[in-house]
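Heads up: the structure comes next, in structure tokens.
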Amino acid sequence: MSPHYQLHTDLLNWYRHNHRELPWRENSSPYRVWLSEIILQQTRVDQGLPYYLKFVDHYPTVRHLAEADLDLVLKDWQGLGYYSRARNMHQCAQVVMDQFNGEFPKSASELAKLPGIGPYTASAIASICFQEPTAVVDGNVFRVVARLTNSNIPINSTEGKRYFATEAHHLLNPVDPGTHNQAMMELGALVCTPRNPSCPVCPLRLYCDGLKNNRVDELPVKMGKSVRRTRYFNYLVVQTDCLFIRQRLDRDVWFMLHDFPLVETEEKVNNWSEVISLFQTKYDLDLGNDTNLLDPVHEKHILSHQTIQATFWRLQPKSIRFGADSNIFEADLEDIEERYAVPILIKNYLSNLNAK
DNA sequence: AACACGGGGGC
DNA sequence: GCCCCAGTGTT
């Protein structure tokens, strides 16, 4: 019998009575578990749930997803963030179709070779769908184990990753690893929360060294985060019947999403003449006479590693032309709504445009 | 080993 | 308005 038998029993009893009813937990196929895990990486359940339902609806099987157009997949993903997840998910579906005959591999080590599937997602699918005894280590598990073991090792250090993965493996319930893993994560989400955890009702309170030492509020320990750089985006918004947009194809944030013709500057640009000059240089912009120049709109958009100070330079030209080698094209609002994925910064701007 | 990659919620 | 959350891939 496992030395953690009583802990396992208490945890599973708590899970049985307190877990949330979520669609991917009923009749879970590997495809649906995979879909939910990809969507829920770095994403709260509340935010990811509507996306999960949309993807199951639009792409009921891995074949549907594999055969779908990437731009439409990105459009369905719009707003979730970390768009490489959508690209890797799409590619993964194609690999599963082409190389695995439409069936997900059953072991964590095989799963981890697929695009977008790392150690966490591989363990989640293998344990939940195929009962492989492999421990998941997500942010919840890091926190639960750090408190349980009263460990000061930073969870985002190399040593921490190794240590907490080892500890999570020792804690794993070999009888039902899939449910155990889900219970650990659910405990972190509902009870052992980052702030104001509910220790008095925690099923593991009697086993928790952090609680015994009154150190729950100090755990887990984390190393300092890097600084955020500031970038200045100058967007040219051509307000005619259509809008001029472009797909972002450089190696940069929001890869493959769409925004407006853009000149990035080191400093904030404050006047129209400088903006027009910059666009003439970069895009070979040809602006007719009698162009109506409107007041610029300023928006600040904060990402995890950068702060984007965006200025929307709005103009209403009689005629306008961009150089032939740019990938700028015209689309109306309806097209953008239906077909072209845009960052939230752009979506919000367009929404305000509509409201006025 | 360090960095890049979004967006939303809590206080 | 600021702080926090956090898997995977790339360099």
Side-chain angles (χ1 to χ4, degrees), chain A residues 33-51 74 76-92 95 108 111-125 134-146 154-162 164-165 168 181 184-185 188-190 192-197 217-231 233 248 250-259 299-310 341-349 351:
Chain A
V33 169
W34 166 72
L35 207 52
S36 72
E37 294 298 346
I38 301 295
I39 288 173
L40 263 40
Q41 286 170 13
Q42 287 106 340
T43 304
R44 290 178 164 79
V45 168
D46 287 347
Q47 191 192 355
L49 183 55
Y51 287 88
L74 283 168
D76 283 337
W77 194 273
Q78 176 181 303
L80 251 191
Y82 286 121
Y83 296 91
S84 63
R85 286 185 292 165
R87 301 193 306 270
N88 287 329
M89 179 180 79
H90 184 246
Q91 195 192 340
C92 182
V95 172
L111 285 161
K113 295 177 185 168
L114 298 172
I117 298 185
Y120 163 75
T121 306
S123 286
I125 298 172
T134 171
V136 300
V137 192
D138 76 337
N140 291 305
V141 175
F142 273 116
R143 188 169 57 253
V144 170
V145 175
I155 59 172
N156 54 346
S157 65
T158 303
E159 186 195 358
K161 283 170 188 152
R162 193 180 63 239
F164 291 107
N181 280 333
M184 288 286 283
M185 295 189 283
L190 300 181
C192 195
T193 49
R195 282 175 300 261
N196 306 320
D217 292 342
E218 305 162 36
L219 297 171
V221 172
K222 245 181 178 177
M223 293 196 300
K225 52 271 173 203
S226 54
V227 285
R228 230 179 333 239
R229 67 184 167 128
T230 298
R231 306 174 67 180
F233 281 14
R248 297 175 60 85
D250 300 325
R251 288 165 55 105
D252 195 1
V253 70
W254 301 324
F255 179 63
M256 286 194 69
L257 274 65
H258 301 76
D259 59 3
E299 295 289 346
K300 184 161 110 172
H301 191 75
I302 298 177
L303 282 52
S304 48
H305 286 70
Q306 45 191 292
T307 300
I308 293 175
Q309 295 277 6
V342 298
I344 289 299
L345 169 67
I346 303 298
K347 183 178 185 292
N348 288 343
Y349 174 79
S351 301

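Every chain is numbered from 1 and lettered A, B, ... according to where its sequence line falls, protein lines coming before strand lines.
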Check step by step if side-chain contact (heavy atoms from CB on, under 4.5 Å) holds for A:Gln309 and A:Thr230.
CA-CA 7 Å; A:Gln309 295 277 6; A:Thr230 298; 3.9 Å; yes
Enter the distance from A:Tyr51:OH to A:Trp77:CH2 here, rounded to the nearest 0.5 Å.
9.5 Å
Nearest whole angstrom, please: distance from the P of C:dG9 to the CD1 of A:Ile117.
9 Å
How does each nucleotide of nucleotides 6-11 of chain B score, in 5' to 3' order, for protein heavy atoms under 4.0 Å: base (B), sugar-phosphate only (S), or none (-)?
BBB-SS
Under the salt bridge (Lys or Arg N to Asp or Glu O under 4.0 Å) test, residues paired with A:Lys113 that sit two or more places apart:
A:Glu110
If you measure from the C1' atom in C:dG7 to the same atom in B:dG10, how many Å do you get, rounded?
23 Å
Protein-nucleotide distance (A:Lys300, atom NZ; C:dC3, atom P), rounded to Å:
11 Å
A:Trp77 atom CH2 is separated from B:dC5 atom C1', nearest whole Å, by 13 Å
What integer distance in Å separates A:Leu111:CG from C:dG7:C1'?
15 Å
Take atom P in B:dG9 and the same atom in C:dT8, then report the distance between them in whole Å.
23 Å
Contact class for A:Arg143 vs. all strands (heavy atom < 4.0 Å): base, sugar-phosphate, or nothing?
sugar-phosphate
Could you check how far CH2 of A:Trp34 sits from P of C:dG7, rounded to whole Å?
18 Å
Non-neighbouring partners of A:Arg231 that pass salt bridge (Lys or Arg N to Asp or Glu O under 4.0 Å), sequence neighbours left out
A:Asp252, A:Glu264
With sequence neighbours excluded, residues passing salt bridge (Lys or Arg N to Asp or Glu O under 4.0 Å) with A:Glu218:
A:Arg215
So CD1 of A:Ile117 and SG of A:Cys92: to nearest 0.5 Å the spacing works out to 4.0 Å
Shortest non-hydrogen separation from A:Asn156 to A:Lys161 and the atoms involved:
O-NZ, 4.1 Å
Partners meeting side chain to side chain donor-acceptor pair (under 3.5 Å) with A:Gln42 (sequence neighbours left out)
none
Rounded to whole Å, please give me the gap between CD1 in A:Ile308 and P in B:dA4.
13 Å
Interatomic distance at C1', B:dA2 relative to C:dA6, whole Å:
16 Å
A:Glu299 vs A:Ile308, test: side-chain contact (heavy atoms from CB on, under 4.5 Å). Steps then yes/no.
CA-CA 8 Å; A:Glu299 295 289 346; A:Ile308 293 175; over 6 Å; no
Side-chain N,O (A:Lys161) to OP1/OP2 (B:dA1) below 4.0 Å:
no
Given Watson-Crick or G-U pairs with both distances under 3.5 Å, what dot-bracket string fits DNA chain B, with | for other-strand pairs and [ ] for crossing?
|||||.|||||
From the candidates B:dA1, C:dT10, C:dT8, the one with an atom nearest any side-chain atom of A:Arg251 is C:dT10
Kindly compute the distance separating NE2 (A:His301) from CD (A:Gln306), expressed to the nearest 0.5 Å.
9.0 Å
Pick the nucleotide of DNA chain C nearest each of A:Ile155 and A:Gly116; which residue has the one closer to the 5' end?
A:Ile155
Looking for any heavy atom pair under 4.0 Å, which part of the strands does A:Asp138 touch: base, sugar-phosphate only, or nothing?
sugar-phosphate
In whole angstroms, the gap separating P of C:dA6 from CD of A:Glu37 amounts to 14 Å
Would you kindly give the CE-to-C1' distance between A:Met185 and C:dG7, to the nearest whole Å?
12 Å
